Visitor: 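Pasting a structure below so you can have a look.
Order of the sequence lines sets the chain letters (A, B, ...), proteins ahead of strands, with each chain counted from 1. Everything numeric here is computed off the predicted structure, so don't read it as measured data.
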Amino acid sequence: MTEHDIDGLTEEQAKTLLESLSQELAAANTAYHSEDAPKIDDASYDAKKRLNAAIEAKFPHLKREDSPSDQVGAAPSVGFGKIKHAVPMLSLANAFTDEDVYAFADRVAKFLGVDVTHLQFTAEPKIDGLSLSIRYENGHLVYAATRGDGETGENVTNNVRTITDIPNQLSNAPEVLEVRGEVYMSHADFVALNAKQEKAEQKTFANPRNAAAGSLRQLDASITKSRPLRFFAYALGAQSAPLADTQLGTVATLKSLGFSTNSLMQVFENVADMVDHYRHIERSRADLGYDIDGVVYKVDALDLQARLGFRSTTPRWAIAHKFPAETAWTRLREIEIQVGRTGALSPVARLEPVNVGGVLVSNATLHNEDYIKGLDSKGNPIRGGKDIREGDLVQVYRAGDVIPKVADVDLSQRTELEPFDFERKLEELNIPGHRKPGDAVWRYAGDEPMDEVAIEALKHFVSRGAFDIEGLGAKQIEMFFSDPDLPIRHPADIFTLQHRDAQNIPKLANRTGWGERSALNLFQAIEDKRQIELHRVIFGLGIRHVGESAAKVLAQSFGSWENFRASMAAALPGTPERAELEGIDGIGPVMAESVVAAFQSPQAAEKIDELANHLSIKPAEQLGQSDSPVAGKTLVFTGTLVKMTRSEAKARAESLGAKVAGSVSAKTDLLIAGPGAGSKAKKATDLGIETIDEDQWIELISDQ
DNA sequence: GATCCTCGAGTTCA
DNA sequence: CTCGAGGATC
């Protein structure tokens, strides 16, 4: 029941309800605080609290001594609110070798069109903690948020206010200032905290990072206050005025504003010195007193950072030079085959569980057949050309501290093991598969689609970039897929779930593990997604080669579902529709074929249309809402550009909402022609397309 | 036709 | 996070 249907409640019922709610909420609170993991999800906790409050409002005299409404620490809505970052908190690209670092510097120089010797970079330790963004307005701390997915983080303001390294007030600060940095715990504090926890028979932490994370995510700020959290400031997010014109200057100003900054940050004139500094920091790693996992290099000049801008998930002007990962030796029990949503058959190593850098690892990816054989995609040997066999003693590491991989094989421990035969394994498992010449992956080749593929496709459909249906995750999908009463076999089935449940005799709400509330929550979450953005639908279809990015390009290009749908039906090879599809920037022949093919079989088309009928698909918002004169225009650059490089000009134009094409056509709005422009300029003149030179171009975008 | 850049798909554990 | 591969560029 919810707070909306307490009308008919008798006093007796209300009393009983209040009692049970009080108990449930108290238990949930304890679970949350002591184990750092809630027993019930936030939504149901909130619902219970609201119900409790509603009953208390109607029967004030029944309010209990131990009413959950009066509990401190659980006062606000449970969990943490979400905060959308004004400037996204991106992750960094990684370098694992010195060569990667040199390549990074060269890339930067090339993008800017300068010689690499003219560039300066900062180098600083990469703290192994949690990134945090703290917003100050007129010198007052207004909120602090974790990184989250980079777009949206958790509101941890109350906890952050208790961290002594972080000022609550700033003097002489600009109107708006978002300070970014890393929350961490020192080795000494970590050891002391664990000793204290043990004494109090509380849970201990595996490493300082986890301890810092656990401490920051306390619902009760007084617990956070008791934890020895520290903070290094290293960058800015949104800002009403810049603090300096270099990275180093920014950090120096942050220090003068009262923040802790890392003393090992330095500026270097050349890459060799940067790499030396990396070695220096690596050698002193054990003596620093806190965990670091590498060194971060950044282009020092902020105006150059601005010119470099961002790739889809990382800034172009920074890179993290990571320390070698921790490794561990263990026995490889067996190689299993997993099936992905596209029918890809991927080998996975089942391992004797082993601790790698504080995490128990029992699986490792083996990528594909060649990787097991010890070859990379070009046929070059990896791991010294050693193959991997079932039963081998293998060295495991976590690539990027996340994904377990096999680094090495101990051949001296190998006796009478057969080389792994991928094809024979598939035969044993009775999986029909084939590997196209030139491809690395084996794919499922049976006539009937495998259940595993359908399940993975459904998981993709409800995943975050697609429909993102709350309460319908991987686990629920697996349950519903083979459910006898309420099956979900296709995406469209999700949107008939509530209706079908209503017709059924056994109701979802009566199942074990479910209740009235959780069933309604699920149905509501599904209802919420009936109105959905076009790109989410296209992405959710799970068409091969069409990921989130391509889905957005397609949505933007076709504007509406009807438009897109009609074009897919028509765009057979050789038609004008196909030419138009392939003409879209970012869509080539392979993707065009793949996306059109997805609509060609009558069965597939029927399923897609059935799904669309359940939805109200929002047309794509036209990009380039910026008032830039080039917003929404299609531009072509030709000839030599002097003031900025081609890629820079392209990135800049796109950030202003323009589309940059490679060649002049009737759809081109503007040609920017540098010296040496040839056939493109002529064609533009012939077509009557406006042509400007580079100076006019810079003039055009200068006041943006 | 080769090379660079980016995206897509698959991967682990908590 | 990594690898493979598609698309754009030179």
Visitor: List the steps and the verdict of salt bridge (Lys or Arg N to Asp or Glu O under 4.0 Å) for A:E478 and A:K475.
Guide: CA-CA 5 Å; A:E478 290 195 11; A:K475 257 197 190 151; over 6 Å; no
Visitor: What's the closest nucleotide to the A:A344 side chain, out of C:dG4, B:dG10, B:dT12?
Guide: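 Selected nucleotide (nearest to the side chain): B:dG10.
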Visitor: Would you indicate what A:I587 reaches in the nucleic acid, counting non-hydrogen atoms under 4.0 angstrom: base, sugar-phosphate, or nothing?
Guide: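 Sugar-phosphate, backbone atoms only, no base.
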Visitor: Distance check: side-chain N/O of A:S346 vs OP1/OP2 of B:dT11, anything under 4.0 Å?
Guide: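 Checking B:dT11 against A:S346, a side-chain N or O does come within under 4.0 Å of OP1 or OP2.
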Visitor: Would you mind classifying the nucleic acid contact of A:R398 as base, sugar-phosphate or nothing, using non-hydrogen atoms under 4.0 angstrom?
Guide: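 Here A:R398 touches no strand at all.
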Visitor: Is A:Q338 close enough to B:dT11 that one of its side-chain N or O atoms is under 4.0 Å from OP1 or OP2 there?
Guide: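 True: A:Q338 side-chain N/O within range (under 4.0 Å) of B:dT11 OP1/OP2.
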Visitor: Reckon A:R544 has a side-chain N or O less than 4.0 Å from the OP1 or OP2 of B:dC7?
Guide: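 No, no such contact exists.
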Visitor: Quick check for you: among B:dT11, C:dC3, B:dC7, whose closest atom lies nearest to any side-chain atom of A:H367?
Guide: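 Out of B:dT11, C:dC3, B:dC7, the nucleotide with an atom closest to A:H367's side chain is C:dC3.
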Visitor: Excluding sequence neighbours, so at least two apart, what forms salt bridge (Lys or Arg N to Asp or Glu O under 4.0 Å) with A:K405?
Guide: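 Checked A:K405 against salt bridge (Lys or Arg N to Asp or Glu O under 4.0 Å); zero matches.
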Visitor: Heavy atoms only, 4.0 Å cut-off, all strands: where does A:V441 land among base, sugar-phosphate and nothing?
Guide: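 Touches nothing.
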Visitor: Pull out every residue in residues 92-104 of chain A that has a heavy atom closer than 4.0 Å to any atom of DNA chain B, ordered by number, or say none.
Guide: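 Output list: empty, so none.
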Visitor: Is the distance from OP1 or OP2 of B:dC5 to the nearest side-chain N or O of A:R107 less than 4.0 Å?
Guide: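 No.
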Visitor: Strictly below 4.0 Å: does A:T365 bring a side-chain N or O up to OP1 or OP2 of C:dT2?
Guide: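 For C:dT2, neither OP1 nor OP2 has a side-chain N or O of A:T365 closer than 4.0 Å.
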Visitor: Looking at A:N363, I'd like to know whether one of its side-chain N or O atoms comes within less than 4.0 Å of OP1 or OP2 on B:dT11.
Guide: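 No, A:N363 has no side-chain N/O under 4.0 Å of OP1/OP2 on B:dT11.
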Visitor: Strictly distance-based, threshold 3.5 Å: is any side-chain N or O of A:H321 a donor or acceptor partner for the main-chain N or O of A:D100?
Guide: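 Not at all, since once roles are kept as given, no pair shorter than 3.5 Å links the two residues.
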Visitor: Name the residue from A:V406, A:I403, A:V348 that meets the side chain to side chain contact (heavy atoms under 4.5 Å, CB included) definition with A:T365.
Guide: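 The option that passes is A:I403.
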Visitor: If you look only at pairs with a residue in residues 535-547 of chain A, which of them pass as a salt bridge (charged side-chain N to carboxylate O under 4.0 Å, His left out), with sequence neighbours excluded?
Guide: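 Counting only pairs at least two positions apart or across chains, the salt bridge (charged side-chain N to carboxylate O under 4.0 Å, His left out) contacts touching residues 535-547 of chain A are A:E533-A:R536.
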Visitor: Classify the ring geometry between A:F599 and A:F564 as parallel (under 30°), tilted (30 to 60°) or perpendicular (over 60°).
Guide: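 Judged by the thresholds at 30° and 60°, the geometry between A:F599 and A:F564 is perpendicular.
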Visitor: Establish, with yes or no, whether the OP1 or OP2 oxygen of B:dT12 is under 4.0 angstrom from a side-chain nitrogen or oxygen of A:S362.
Guide: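 It does not, given that no N or O in the side chain of A:S362 lies less than 4.0 Å from OP1 or OP2 of B:dT12.
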Visitor: Select base, sugar-phosphate, or nothing to describe what A:L351 touches, counting heavy atoms under 4.0 Å on all strands.
Guide: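 Answer is nothing: A:L351 stays at 4.0 Å or more from every strand.
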Visitor: Tell me whether the OP1 or OP2 atom of C:dC3 has a side-chain N or O from A:K405 closer than 4.0 Å.
Guide: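 For A:K405, the contact criterion (side-chain N or O under 4.0 Å from OP1 or OP2 of C:dC3) is met.
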Visitor: May I ask you to establish whether A:R383 and A:Y371 are in a cation-pi arrangement, using a distance under 6.0 Å from NZ or CZ to the six-membered ring centre and at most 45° from the ring axis?
Guide: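 Verdict for A:Y371: a cation-pi partner in A:R383.
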